[in-house]
Every structure is written in C-alpha cells, then in structure tokens.
Amino acid sequence: MFRNFSAKLFSVLLAALIALFALSACSAGSAPAPSDGSGAASESVSTDGAEPAEADDSPFEISIMTRMGTAEAPLPNNPVITEIERISNTKLNIEWVPAAAYSEKINATIASNDYPMVMMLENGNKRGTVEVDAVRAGVFWKVGDYMPNFDNLKDLDPGTINNASIDGELWGMFRTRPIVRNGGYYRSDWAEKLGFGDPKNLDELTAMLRAFVNDDPDGNGIADTGGLAQEQSFDTLVPMLAQWYGIGQEWEIVDGIVRPAFENPEYINMLKYIKMLYDEGLMNRDFATTEATKRDEMMAGDYGVALVSIDKGDLSLVPLQQRYPDANFNVIVNFADSPHPVHGRSGFDGLYYSAKKAVPEEADFLRIMNWYNVMYSTEVNNLVYRGFEGEHYTKTGEDAVSISDEQNAKYILEVNPMEQLAMRFTKNIYKVDNLPYYNAQVEAFFAGKYTGQVDANPAFSWDSETFNEKGKDLETIYKDARIKFVTGVIDEAGWNSEIERYRASGGTEMIAEYQAAYEALK
C-alpha cells in the first residue's frame, strides 16, 4: 500500500513540476503562434534543394538526443554528419543513446527538466504518462502550427499526422516510415534446390523451414543450416503470423466491441505454431536473448529465413550476398493464399520535440524547423541512406547503384549508424543492382501494391489515461508471457493466468477507455 501511495505522490509532484516549468518557459520566450507565411518563418524556408537556411550567418548549433540503431555510436567527425551540417548551416551536437536504455533516458530527461534543443520521443504505441503529461503541460513547441510554412513539411500525409498527434495536435516532427514494413526474406536458391517455390501459405513455409534444417540445402554434407533466424522482440514475427492467422493489429473491433488482439481465439494457436518452431529446432533456440543485430549476422551465416522490416533488406542482406555471391533471395510480405490483409504500421517511427526551456526564442525554433525541412529533402535523405557516391556506392544508372565489398564495409561504419537521423523514406531513389529481390519489393511499396489492403491498429490515435500511465508495464506482461509460452515455461493455463493478470493490472480499465474512444467516433 505504501509503495502505491509513493508512486502516486511522485506522479502528482512530477506533473506539478512539469506544469511549473512549462509556465516559466512560456514567459521566457515568444508564444508559438503560427506564421502567416511572411516574416521570420517564410525567410527560413529552404527548398528541396536543401540550400543552407541563412548562408551568411554562422552555423546554428543544435543539441540533439536520439537513440542508436546500431551497436556502436557513430565515430567522431562522421562525414555524413559533417555534410548535413554544411548543407543545413548547422553544428550538430548529438547524444546517441543505446536503444535498450532510451525510454529510461527520456523519463530522466523530462524529470530533470534538463533538455537538449531536440529530443526524439517514441510517441504512439510506446508513449508513457511522463511524455504525455509534458506535452499537455505545454513543455514543447507545437510543430503543427509551423509546418505549412516549409516546402518539404507542408504536404505530409494527414493520416500519419493524425497517428502522431496528441489531443489532436502535432507537437513533434515525426520521422516518416513506410506503412507496410513487415516482411520476410528467404534463400530462394536453397528452396529451388530442395524443390520449393514461393510459399503460398503457412504449411508450405513450415515445410520449407524443415527442409532448410534437415535436408542439407548448402550441399556440404554437414547439418549446419538453420531455418528461421529470430530475435527476441517478436516485433516482426508476431505481426506477420497474426496477419496470416487473421488476427488484428494489436487491437481489434469485433461486432462493435474493442479488444486486445491477443484475446482473438486464434492468438493462442499462433503461439502454438511458434512453439512448434522452437520445439522442432526450426528457429534458433536462443532467440529470447538474441538482439536484432545478431539476427542479421545469423542471416549472413547459415539460416534460410528472416522476418525483418522490408525496407532494411539491403542493410541486412548485402553482407550475406557478399559471403555467398551465388545466393538468391526472395521476399514474403503476405501469402498468395491468404484472405487477410497485411498489417500496416503508424507511418512514422518516433518524433523530434523541442522544449521551450531549451529553445526559448521562436526565432531559434524556426531555425530548428528549417533543419527538419532540410532533413526532409531528397538530397539529405539520399545522403543519410546511401552515403557518398564513389565512397559507399557506385551509380550504375539514373536510379541504380552497385555496392562493392569495400564500399559496404565503409557504409556499415559511416552510413548505417545515421539511419536514426533519416526523416523520410526515399530508398526507392537508389536501387541496388546486386539485390534484385529488394528492388522488386521497393517497387511494390511505391506502386501502391498494398493500397486498400492494409489492416491498421484502430487504437493508434485513441487516448487512454491508463495506457499513458501503465501501457508499457501492461505490454511487458503479455510479451513476456509469449516468450514463456513458446519456451515451455508456462502452458496454456499459465498464458490465460497472465492475461488475467494483465486485466487486473489495468488492462480492463484501458479496454474500457478505448471502447469509449471508439464509441465517441461513431
């Protein structure tokens, strides 16, 4: 009882402090009123050519906190950062935080009221009460008021803006990502050798996995090949399997009733399928401790299938192509025989916020908005994704490149760590000659192949106080239970017990709040 009281007291005090700091910040600087297109805002607009905003001025220094997408932070004097600074006329002081520690770092930063000028928050289905309370207390500038004045920001997707908003307002500059990202890659040369074509359903995929493990697809006479290379998060495996089982994207609406996707009767059958893969050795048995970077190494070794974000295929599989030059790969997004739509994502991955305490003057915030505008330009996005021509790739056509072993090694060191700075997805600009399967999938993305066939999370833009306060803890309950079930620590009764604990720990209240949000939209 005392611990519960202490937690509530801390939350109240923290909210009060946030509100106090917000008022102080507002009094210290200009109010974030939208520009009418004239004056300071329009003067700072840069075009898609990404010319420096104020070429005659000294570089504008911006302190940034963001998460690392690689095991190591970028090296000092990274050439990509140096070029971004030149193009945008800025000096970037970036604090790279390991992904595993990022949520804790966010909470500590907000609690201390010691902000960088730009801070990436993982809003959406990962947001917590600390971030939302800070937004509602007016700690941050509202970027939505200023976007219409910037060439590269004024026409961004309304659906993504809605998903990224809190209380109907956009407070952070989101990093656009494809709606359809979940997919899989497999060794099609192995499949062909063993008599398999593209798997059209889950049974065919399972048979192919068994053959990859048991039938010596590399022909070396040694039982050294694996099936599914799986990492611990299940962040791609579960959405892929869920769409194939006809399970909704995190939340479902069935006959007007809102429920978590794991309450779909097919969910336990999906977990039983994953457990079968685990029990039969068709996936790596150390998946529960395997990071995503390790999974990529496994695919560059002797595994036949990986489920990953499709748009990261060139990062994951260029090393595999180099080790096995004669290897061929193909892509799975959804089975040809599946009646169910693919699962869509939010359209963004995190947002960059600016606290008024760190950026008290509107003129300075406008320069940060201009930096976002430059980062959204085609020139900078190609730089962040591909690096420098001749250094990290060789152009072989108007929109095609090839990547040598030496260039790829330099790419991994200098460019790959920059992915977290990418503000929009433009990989279709440069197709990789030696990754034809990847090019085909990119073309499918941008040809609108999945338009009208995407099953989105209906609750993404809904508000729930319980979710904001306890969402991460509740998510941990059922995600940990999934791993325990697959590895045999708990059985089906144990799974049901964990779901009851989820409901008793706040899940029931959150479901009711989402039901109310849904009813309000009718």
Side-chain angles (χ1 to χ4, degrees), residues 2-26 28-29 61-74 92-143 164 166 171-175 232-233 291 348-360 364-365 368 417 420-421 464-477 479-480 505-506:
F2 179 75
R3 292 177 65 181
N4 291 337
F5 175 76
S6 299
K8 292 178 180 178
L9 177 61
F10 175 78
S11 178
V12 170
L13 290 175
L14 179 59
L17 285 172
I18 288 173
L20 179 62
F21 288 133
L23 291 172
S24 175
C26 288
E61 292 198 27
I62 306 176
S63 57
I64 301 171
M65 186 180 89
T66 192
R67 68 177 178 226
M68 289 162 44
T70 51
E72 301 293 335
L92 306 179
N93 301 311
I94 305 175
E95 179 183 6
W96 299 92
V97 181
Y102 201 73
S103 292
E104 182 178 346
K105 179 68 173 179
I106 289 172
N107 292 343
T109 300
I110 294 176
S112 69
N113 199 44
D114 185 15
Y115 293 95
M117 297 170 73
V118 173
M119 177 173 69
M120 200 275 285
L121 295 184
E122 301 175 291
N123 275 50
N125 60 351
K126 294 184 178 180
R127 71 189 183 195
T129 186
V130 174
E131 298 101 300
V132 175
D133 284 352
V135 165
R136 290 173 173 165
V139 169
F140 303 111
W141 289 93
K142 190 189 303 180
V143 303
I166 295 177
W171 300 88
M173 190 68 251
F174 54 82
R175 308 184 307 179
Q232 61 186 211
S233 74
E291 298 288 347
F348 72 98
D349 179 21
L351 303 92
Y352 284 115
Y353 287 76
S354 289
K356 295 172 186 175
K357 181 177 185 294
V359 188
D364 288 339
F365 179 66
I368 290 173
Q420 292 297 316
L421 289 181
S464 161
E465 288 297 329
T466 303
F467 177 87
N468 295 339
E469 181 180 352
K470 302 178 180 179
K472 292 178 182 178
D473 292 335
L474 292 171
E475 183 180 77
T476 298
I477 292 174
K479 285 190 172 183
D480 285 353
S505 300

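Hydrogens, waters and symmetry mates are skipped; everything else that's a heavy atom, side chains included, is used.
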Quiz item: Side chain of Ser63, backbone of Met117: donor and acceptor closer than 3.5 Å?
Solution: yes
Self-check item: Heavy-atom side-chain contact between Ile94 and Leu421 under 4.5 Å
Solution: yes
Quiz item: What residues, two or more places apart in sequence or in another chain, satisfy side chain to side chain contact (heavy atoms under 4.5 Å, CB included) together with Lys479?
Solution: Asp235, Glu475, Arg482
Self-check item: Counterpart residues, side chain to side chain contact (heavy atoms under 4.5 Å, CB included), relative to Asp473 (two or more places apart)
Solution: none
Quiz item: How far does CD1 of Ile110 sit from CG of Asn113, to the nearest 0.5 angstrom?
Solution: 10.0 Å
Quiz item: With Tyr352, which of Met120, Met119, Met65 fulfils side chain to side chain contact (heavy atoms under 4.5 Å, CB included)?
Solution: Met120
Practice problem: For the pair Trp141 (side chain) and Val359 (backbone), establish whether a donor and an acceptor sit closer than 3.5 Å, ignoring hydrogens and angles. | Solution: yes
Quiz item: Is there side-chain contact between Val135 and Tyr353, with heavy atoms separated by less than 4.5 Å?
Solution: yes
Quiz prompt | Taking every non-hydrogen atom, the tightest pair across Gly172 and Leu351 | solution = O-CD2, 3.3 Å
Quiz item: Which value, rounded to the nearest 0.5 Å, describes the distance between Trp171 atom CH2 and Arg136 atom CZ?
Solution: 10.5 Å
Quiz item: Taking all atoms of both residues into account, what is the closest heavy-atom pair of Ala73 and Trp96, and its distance?
Solution: CB-CB, 4.0 Å
Quiz item: Taking only residues two or more places apart in sequence or in another chain, which ones pass side chain to side chain contact (heavy atoms under 4.5 Å, CB included) with Ser505?
Solution: Leu474, Ile477, Arg501
Quiz prompt | Heavy-atom closest pair, residues Met68 and Pro98 | solution = SD-N, 3.9 Å
Exercise. Determine, for Lys472 against Glu104, whether the closest basic-nitrogen to carboxylate-oxygen distance falls under 4.0 angstrom.
Key: no
Quiz item: Can you find a heavy atom in the side chain of Thr109 that is under 4.5 Å from one in the side chain of Pro116?
Solution: yes
Exercise. Quick one: pull up CG in Asp349 and CZ in Arg67 and give me the separation to the nearest 0.5 Å.
Key: 4.5 Å
Exercise. Supply the atom-to-atom distance Arg175 CZ to Thr66 OG1, rounded to the nearest 0.5 angstrom.
Key: 5.0 Å
Exercise. Measure the CG-CZ distance between Leu121 and Phe140 for me, rounded to the nearest 0.5 Å.
Key: 5.0 Å
Practice problem: Drop me the distance from Asn93's CG to Ile62's CD1, to the nearest 0.5 angstrom. | Solution: 9.5 Å
